[in-house]
Amino acid sequence: MVTHCRLRGLLLLLGAVAVAVAASHPANNEFCAATGGGGAGYGCGSGGGGDVARILIKGGTVVNAHRAEEADVYIEDGFVVAVRPNIPVGDDNVKVIDATGKYVMPGGIDPHTHLEMEFMGTVTIDDFFSGHAAALAGGTTMHIDFVIPVNGNLTAGLESYKQKAEKSAMDYGFHMAITKWNDDVSREMESMVKEHGINSFKFFMAYKGSLMVTDDLLLQGLQKCKSLGALAMVHAENGDAVAEGQQRMIDLGITGPEGHALSRPPVLEGEATARAIRLAKFVNTPLYVVHVMSIDAMEEIAKAKREGQRVIGEPVVSGLVLDDSWLWDPDFTIASKYVMSPPIREAGNNKALQAALSSGILQLVGTDHCTFNSTQKAFGFDDFRKIPNGVNGIEERMHIVWDSMVETGQISVTDYVRVTSTECAKIFNIYPRKGAILEGSDADIIILNPKRGFMVGAHTHHSRSNTNVYEGRKGKGMVEVTISRGRVVWEDGILNILPGSGRYIRTPPFGYLFDGIEKSDAAYRASLRAPVQRGRASA
Ligand code: URP
Ligand code: ZN
Ligand code: ZN
């Protein structure tokens, strides 16, 4: 009940507005506070078990990335205490959840989101509360968001994101974007890693005139990342050529959303991906390529991996399952909601990215959740260059990856856990606290019923956006329960969440991708056949 009352009060204070209903529970699916704290009798907080400190999940198949087993899971005070068959029910103060016939898996971790981000003259419509509501309703229990510096200043950027995250309802971490270079930025990067728990920095090779970096900056940044044990991430598109391509479209009179796709073809993504990979090779540091959208980019990653380079490729849900035909829709509201960068590509790229994910060329799935409503998208009605770039996905990712990858037989259930949770935890060095159901892990857990269906729609999702790029999509596999740090936050279509309850998760440097880097540096130095001793020719 405490949760119920506190949530209602806080939400009124925050003025939170959320679309209330979630998939498959049309009559019983209210996001409790949004309609006046469950006034319609949805039982928010009470009876949902949200505040029960001890939970026993019985009879399910517990899936970790390394194995699946029939076992019960006992949770106490936010942690997994035991994972084994036939754990007896202790006393009445334990909430027992029957998971027979269902999968019990680590909550999803989304490596790529933009909540309340100032971008292209506006701000993304999901903040750290509505974004978290959407995430939890969809089975994601942690995400890593990108801090954008303020006028290039990292510390000011972090302060601003700390404030944004005060309303968080689940655990989150931060990456940091680097948008300019000088000695202060270099020093601040060190402080971000050593004092503030940030182990990854993103370099935008596109968005000329705002976030874009030069090759010189990228090179400095890669070297600094390496020295700090921080992972360099790139948005890989050739921003100069994109600007040229955009002008080309405008000169041709192509001003609508289709001009977005036409102005930045896959070759520009492939070129930048190749360039970033080669610069990372020159520096000998690991590289993470965000939102891989095209075969061109994916093949550059495959080639680098074949040659032994440490490159991580992240597809996003939109790239895996959508195609660019939507951008030609005659209805601007529909076409514009698919505008993101790099663009959603021609059909065929999606299937190739799925195959790359199933074969390990690409390693984990993000969303790039970056939502703008139809009013914001309409800023670019006369000029596609002004349509804010971004699509939704934080709520849909777990369902769509299950349906498109597991239900089609392309990946196993253990691989599902790997690509939606474990791999992210490992890359960002928070495994096995996150990304696993093991004794001592945080109790971030979902229960997925493979027999139930889901359907996506803007009228039922929890994002604040009035549109959804997966509108009308149906599939199999339904997240019925989400447990966030030992609290049941989503059950029977009811969200039971508390603004301010999320925790910042520090990500320590020198994750597994850095193992052995110093040895390969030493081998490289030993291989140099220089300096050559030369005597001066005698006169
Ligand atoms: O269109 C996109 N991807 N918007 C978010 C910013 C970014 O590039 O990641
Ligand atoms: Zn990007
Ligand atoms: Zn992004």
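In listed order, ligands and their atoms are each counted from 1. As the structure is a prediction and not an experimental result, all values here were calculated from the model.
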A.B. asks: Which of parallel (below 30°), tilted (30 to 60°) and perpendicular (above 60°) describes H235 and F204?
C.D. replies: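 If you compare the ring of H235 with that of F204, the planes turn out tilted.
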A.B. asks: I'd like the residue list for ligand 1, meaning every protein residue with a non-hydrogen atom under 4.0 Å from the ligand.
C.D. replies: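 Those residues closer than 4.0 Å to ligand 1 by some heavy atom are H112, H114, F119, K202, F204, Y207, H235, H291, M340, S341, D368, C370, N389, G390.
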A.B. asks: Applying ring pair (Phe, Tyr, Trp, His ring centres under 6.0 Å), name anything that partners H196, two or more places apart in sequence or on another chain.
C.D. replies: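 Ring pair (Phe, Tyr, Trp, His ring centres under 6.0 Å) check on H196 returns nothing, list empty.
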A.B. asks: Is there a donor-acceptor pair closer than 3.5 Å between any side-chain N or O of R485 and the backbone N or O of S501?
C.D. replies: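 Yes.
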A.B. asks: Filter on salt bridge (charged side-chain N to carboxylate O under 4.0 Å, His left out), then keep only pairs touching residues 336-349, sequence neighbours left out; what's left?
C.D. replies: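 Listed once each, the pairs are E269-R345.
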A.B. asks: Under 6.0 Å between ring centres: does that hold for F201 and F203?
C.D. replies: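 Distance test on ring centres: not under 6.0 Å, no.
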A.B. asks: Please evaluate residues N350 and D323 with respect to the criterion side-chain hydrogen bond (donor to acceptor under 3.5 Å, both in side chains), reporting the C-alpha separation (whole Å), side-chain torsions for both, the decisive distance (0.1 Å), and the verdict.
C.D. replies: CA-CA 7 Å; N350 45 10; D323 67 60; 4.7 Å; no
A.B. asks: Do F119 and Y207 make the cut of ring centroids closer than 6.0 angstrom?
C.D. replies: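 Yes.
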A.B. asks: Indicate if the distance from the Zn ion (ligand 3) to the nearest N, O or S atom of H112 falls below 2.8 Å.
C.D. replies: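 Yes - counting backbone and side chain alike, H112 has an N, O or S atom under 2.8 Å.
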A.B. asks: Can you list the protein N, O or S atoms less than 2.8 Å from the Zn ion (ligand 2)?
C.D. replies: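 For the Zn ion (ligand 2), the protein N, O and S atoms that sit under 2.8 Å away are H235 ND1, H291 NE2.
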A.B. asks: Centre of F379's six-membered ring, under 6.0 Å away, within 45 degrees of the axis: is that where NZ or CZ of K386 sits?
C.D. replies: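 Judged by the rule (NZ or CZ under 6.0 Å from the ring centre, within 45° of its axis), K386 is not positioned above F379.
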A.B. asks: For the residue pair F428 and H175, is the inter-centroid distance of their aromatic rings smaller than 6.0 Å?
C.D. replies: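 Judged by ring-centre distance (under 6.0 Å), F428 and H175 do meet the cut-off.
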A.B. asks: Provide the closest heavy-atom pair for N153 versus A156 in the form atom of the first, atom of the second, distance.
C.D. replies: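 Looks like OD1-N, 2.7 Å.
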